[in-house]
Amino acid sequence: MRIGELSRLTGVSVRAIRHYDGLGLLISRREDNRYRVFGPDDVERVRLIQLFLSVGFRLEEIREYGPCWQGDASVTQTIPADQVAAFYGRKVAQIDRQLAALHTFRTQLKEQMDRLPNAD
């Protein structure tokens with residue numbers, strides 16, 4: 001599929017997809033006319049990148065550790081397991097802090113909503 005279709009299927013801008021491709025997070029091939037072409041697996045890969053970004057991963061971290069998440073044995077052989085485990089541990093702690101903050105904020109919003117007249 002071409003980049004526009006990948007963008008439409010994922011809701012991610014063409015510019016962002018080009019950036020991910022340039023960083024090596026996606027691997028496109030080029031048609032004779034130089035258009036980027038992506039495979040069906042790239043839809044899920046873009047969604048995974050977006051998920052990682054939404055919980056605080058940086059693009060460099062996704063590039064380095066993302067393949068480990070997808071079970072790429074070649075990456076897990078080049079990055080020591082203890083390094084991957086420590087990195088994931090830090091990310092789990094970060095996500096736990098985000099969840100706690102979101103829960104607190106949700107509670108506060110619900111309390112404010114309940115105070116509004118005619119709120120159900």
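Small disclaimer: the values here were computed from a predicted structure and weren't measured. Sequential numbering from 1 along the given sequence is applied to the chain's residues.
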Sorted by chain and residue number, the ring-ring contact (aromatic ring centres under 6.0 Å, His included) partners of Phe38 (sequence neighbours excluded) come out as none
>> Are Leu53 and Val92 connected into the same hydrophobic cluster when the rule is that any two of I, L, V, M, F, W, Y join if their side-chain heavy atoms are below 4.5 Å apart?
In response: no
Hey, is Arg2 close enough to Glu5 for a salt bridge, meaning N to O under 4.0 Å? no
Q.
side-chain contact (heavy atoms from CB on, under 4.5 Å), that's the test. Do Asp21 and Arg36 meet it? Break it down for me.
A. CA-CA 9 Å; Asp21 190 36; Arg36 288 177 172 91; 2.8 Å; yes
Separation between CZ (Arg30) and CG (Asp32), nearest 0.5 Å, reads 12.5 Å
Sidechain-backbone polar pair: Ser7 side chain, Ile3 backbone, donor-acceptor under 3.5 Å: no
Presence of salt bridge, Arg45 and Asp42, under 4.0 angstrom:
yes
Rounded to the nearest 0.5 Å, the OG atom of Ser13 sits from the NE2 atom of His19 at a distance of 10.0 Å
So CD of Gln108 and NE2 of His103: to nearest 0.5 Å the spacing works out to 10.5 Å
Between Asp114 and Glu111 (side chain of the first, backbone of the second, donor and acceptor by atom type, cut-off under 3.5 Å), is there such a pair?
no
Practice item. Check whether any side-chain heavy atom of Thr10 lies under 4.5 Å from a side-chain heavy atom of Gln50, and answer yes or no. Key: no
Between the OG1 atom in Thr104 and the CG atom in Leu109, the distance rounded to the nearest 0.5 Å is 11.0 Å
In terms of heavy-atom contacts, Glu64 and Ile79 come closest through O-CD1, 3.4 Å
So CG of Leu102 and CD1 of Ile95: to nearest 0.5 Å the spacing works out to 11.5 Å
Can you get from Val55 to Leu25 by hopping between Ile, Leu, Val, Met, Phe, Trp and Tyr side chains that sit under 4.5 Å apart? yes
Residues passing the ring-ring contact (aromatic ring centres under 6.0 Å, His included) test with Phe87, sequence neighbours excluded, are Phe57, Tyr65
Rounded to the nearest 0.5 Å, the CD1 atom of Ile62 sits from the CG atom of Leu51 at a distance of 9.0 Å
Closest non-hydrogen contact found for Arg63 with Leu23 is CD-O, 2.8 Å
Practice prompt. Please assess Val14 against Leu6 for the test side-chain contact (heavy atoms from CB on, under 4.5 Å), listing each intermediate value before the final yes or no.
Written response: CA-CA 8 Å; Val14 168; Leu6 183 58; over 6 Å; no
